[in-house]
Amino acid sequence: MAKIKMKTPLVEMDGDEMTRIIWKMIKDELLFPFLELKTEYYDLGLMERERTKDQVTMDAALANKKYGVGVKCATITPNMQRVEEYNLSQMWKSPNGTIRAVLDGTVFRTPIIIDSIRPAVRNWKKPITIARHAYGDVYKDTEFRVPGPGRAELLFTDSQGQESFRQTVFDFEGPGVLQTLYNKDDSILSFARSCFEFALNTRQDLWFSTKDTISKQYDQTFKLLFQDIYEKEYKEKFDSLGLTYFYTLIDDAVARIIRSEGGFIWALKNYDGDVMSDMISTAFGSLAMMTSVLVSPYGQYEYEAAHGTVTRHYYRYLQGEETSTNPIATIFAWSGALRKRGEMDGLSDLVMFADALESSSLETLNDHIMTKDLVSLVTPGTEVKTVNTLPFIREIAKRLSSKL
Ligand code: NAP
Ligand code: MG
């Protein structure tokens with residue numbers, strides 16, 4: 001059998017710990033045997049980030065911007081404990097943050113659904129994809145613990161130094177708390193474009209919700225900017241594909257989503273998206289079954305698993321133990337990236353390979369061969385064969401080779 005060829009390289013970003021081990025297994029067992037894999041490789045492992053003073057992350061992000069499609073392994077975001085563990089010269093920033101800043105993108109998270117794991121919400125039949133705006137709001141707020149009586153005011157001074165807005169927020173008669181938020185039109189517009197692009201791309205309806213009835217400037221601005229971009233740039237394309245853009249109040253959205261079948265994208269402001277994405281992923285099953293793609297407003301894509309480096313499993317692996325870590329989300333990061341590369345380069349074989357890789361993975365799970373994390377999630381009474389990561393990947397490879 002001739003191996004499937006690629007044209008433009010994928011930007012490959014290697015990572016840390018257990019997911020780095022799985023990364024190699026996936027390449028060795030599922031990609032190299034079938035594909036003339038062409039990648040531009042960047043090692044975002046923590047040691048290499050330290051050695052290059054994090055330049056490697058910036059280089060990878062720029063390459064992702066240049067070539068259009070990247071695939072990333074989970075990476076450690078250093079905290080104090082990691083600084084000691086790895087003897088770091090600095091607490092390097094989150095690589096995902098750096099990549100997101102370069103691509104100016106929005107993260108879309110989608111659960112991978114199988115027959116034997118029923119979502120907690122009975123009527124959900126198709127995945128619900130969450131799009132979270134990753135800029136501003138409470139994550140960049142200014143807060144103040146009000147010590148006692150006094151006046152809080154909101155003041156805006158324009159670039160000419162003119163005080164153009166001043167309003168009393170509250171006259172405190174005793175201690176309390178104070179918080180201010182901001183956002184930028186530019187960022188909201190990028191968010192909107194990424195959402196509309198991704199909806200067109202995946203042929204799904206787009207929902208967006210805020211609390212604009214209460215927040216008459218802040219949330220209202222989000223609503224109006226989305227509506228404006230939709231009408232000017234996307235309505236025709238949506239109409240021609242039979243897709244809908246649907247805005248509704250967030251409380252109404254929550255009620256509708258619980259009653260829905262799924263199968264759409266739900267765009268949310270930063271905090272709402274933070275909370276709702278955890279709710280949706282838990283209700284669908286597991287973080288180990290959740291993919292994540294960063295989509296820039298200019299049509300660049302970076303695919304990864306939603307979970308982290310699975311540190312606890314890695315320490316067991318280092319003790320010589322074979323672990324039963326779930327590689328599905330990382331496999332789907334590869335298939336997602338390869339499919340997108342195939343679509344961009346007009347390589348139908350590559351698209352077909354990505355489809356086959358996903359269906360082989362799902363068939364393996366639907367044959368009830370799975371990693372340990374999924375066992376407690378399957379419908380009671382299901383007879384399951386629990387396997388470790390490598391044998392699991394080999395089961396997928398077996399099914400894949402019979403398709404190609
Ligand atoms: P995590 O790696 O997602 O793992 C948390 C726990 O979830 C694991 O201990 C495991 O539970 C379970 N789990 C997650 N993925 C799994 C999989 N594929 N198969 C089986 N079980 C899985 O989160 P974390 O422990 O909070 O973070 C570890 C490191 O990852 C941190 O250094 C963090 O900075 C980094 N991180 C990176 C990214 C990213 O690169 N996008 C995202 C999040 C976190 P059990 O131990 O109970 O089996
Ligand atoms: Mg959260």
Side-chain angles (χ1 to χ4, degrees), residues 1-45 48 56 60 63-64 67-75 112 288 291 293 301-305 307 309-310 313-314 317 322-365 367 369-371 387-404:
M1 185 200 72
K3 289 189 188 180
I4 293 162
K5 288 196 171 49
M6 293 179 64
K7 205 146 79 191
T8 317
L10 262 187
V11 177
E12 175 188 355
M13 295 170 254
D14 209 342
D16 289 301
E17 299 193 312
M18 203 59 221
T19 40
R20 188 181 179 97
I21 307 297
I22 292 174
W23 195 258
K24 184 165 185 311
M25 288 180 189
I26 292 172
K27 286 168 67 180
D28 288 344
E29 306 287 331
L30 298 174
L31 304 180
F32 290 145
F34 309 106
L35 201 61
E36 273 182 24
L37 185 67
K38 214 165 154 185
T39 73
E40 191 162 298
Y41 179 87
Y42 293 87
D43 183 0
L44 301 198
E48 188 61 10
V56 65
N64 200 147
Y67 290 112
V69 189
V71 57
K72 179 180 168 290
C73 179
T75 46
I112 299 156
T291 57
V293 52
Y301 294 78
E302 182 251 318
Y303 292 82
E304 61 176 293
H307 60 77
T309 59
V310 209
H313 294 214
Y314 182 59
Y317 168 86
E322 236 189 278
T323 70
S324 183
T325 316
N326 191 339
I328 287 287
T330 307
I331 293 171
F332 274 64
W334 275 101
S335 58
L338 290 168
R339 178 182 298 108
K340 177 53 69 186
R341 194 65 272 170
E343 285 169 4
M344 283 184 172
D345 289 350
L347 299 175
S348 55
D349 277 6
L350 192 55
V351 174
M352 189 266 312
F353 174 78
D355 292 344
L357 178 54
E358 288 181 5
S359 60
S360 307
S361 305
L362 294 174
E363 275 163 28
T364 308
L365 293 168
D367 288 343
I369 300 169
M370 45 185 71
T371 46
V387 288
N388 289 331
T389 309
L390 187 57
F392 178 66
I393 289 175
R394 288 190 173 144
E395 286 288 338
I396 298 173
K398 224 162 54 183
R399 286 162 181 76
L400 180 58
S401 70
S402 76
K403 282 183 207 291
L404 298 173

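The chain is numbered in sequence order, starting from 1.
With a 4.5 Å cut-off on side-chain heavy atoms, Y303 and L338 do not count as touching. Between M6 and L350 there is a side-chain heavy-atom pair separated by less than 4.5 Å. Counting only heavy atoms from C-beta outward, the side chains of D16 and Y314 never approach each other to under 4.5 Å. Side-chain contact check for M13 versus E302: some heavy-atom pair is nearer than 4.5 Å. Inter-residue side-chain proximity for M352 and L404 is flagged as met; some heavy-atom pair is nearer than 4.5 Å. For the pair E343 and V351, the minimum side-chain heavy-atom distance is below 4.5 Å. The closest side-chain heavy-atom distance from F332 to V293 is not below 4.5 Å. In this structure, T309 and R20 have side chains that are not in contact, with every pair of non-hydrogen atoms separated by 4.5 Å or more.
More than 12 heavy-atom neighbours from other residues, nucleotides or ligands sit within 6.0 angstrom of NZ on K38. Enclosure of atom NZ in K403 by more than 12 non-hydrogen atoms of other residues, nucleotides or ligands within 6.0 angstrom is indicated.
In this structure, I112 and A329 approach most closely via the heavy-atom pair CD1-CA, 4.3 Å. Among all heavy-atom pairs drawn from A337 and V71, the shortest one is CB-CB, 3.8 Å. Heavy atoms only, all atoms of each residue included: A354 and S335 are closest at CB-O, 3.3 Å. Residue L44 comes nearest to V56 through the heavy atom pair CD2-O, 3.8 Å, listed as atom of the first residue, atom of the second, then distance. In this structure, I331 and I396 approach most closely via the heavy-atom pair CD1-CD1, 3.7 Å. Shortest non-hydrogen contact noted between L35 and K3 is O-CD, 3.9 Å.
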**Q.** Chi angles and distances behind the side-chain contact (heavy atoms from CB on, under 4.5 Å) call for H307, N326
**A.** CA-CA 10 Å; H307 60 77; N326 191 339; over 6 Å; no
(Q) Before you tell me yes or no, could you show the steps for M344 and T8 under side-chain contact (heavy atoms from CB on, under 4.5 Å), namely the whole-Å CA-CA distance, both residues' side-chain angles and the distance that decides it to 0.1 Å? (A) CA-CA 9 Å; M344 283 184 172; T8 317; over 6 Å; no
Q) Would L365 and F392 satisfy side-chain contact (heavy atoms from CB on, under 4.5 Å), going step by step from the backbone distance to the final call? A) CA-CA 9 Å; L365 293 168; F392 178 66; 3.7 Å; yes
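For E12, the side-chain hydrogen bond (donor to acceptor under 3.5 Å, both in side chains) partners two or more places apart in sequence, or in a different chain, are W23, K27, T39. Take E40 and apply the salt bridge (charged side-chain N to carboxylate O under 4.0 Å, His left out) test, not counting sequence neighbours, and it matches no residue.
With rounding to the nearest 0.5 angstrom, the CG atom of D345 is 4.0 Å from the CZ atom of R341.
The backbone N or O of Y42 sits nowhere less than 3.5 Å from a side-chain atom of D14 that would complete a donor-acceptor pair. No side-chain donor-acceptor contact under 3.5 Å links D349 to the backbone of I4.
In this structure, a donor-acceptor pair under 3.5 Å is absent between the side chains of T364 and E395.
Note on D355 versus R339: salt bridge recorded, some NZ/NE/NH1/NH2 to OD/OE distance being below 4.0 Å.
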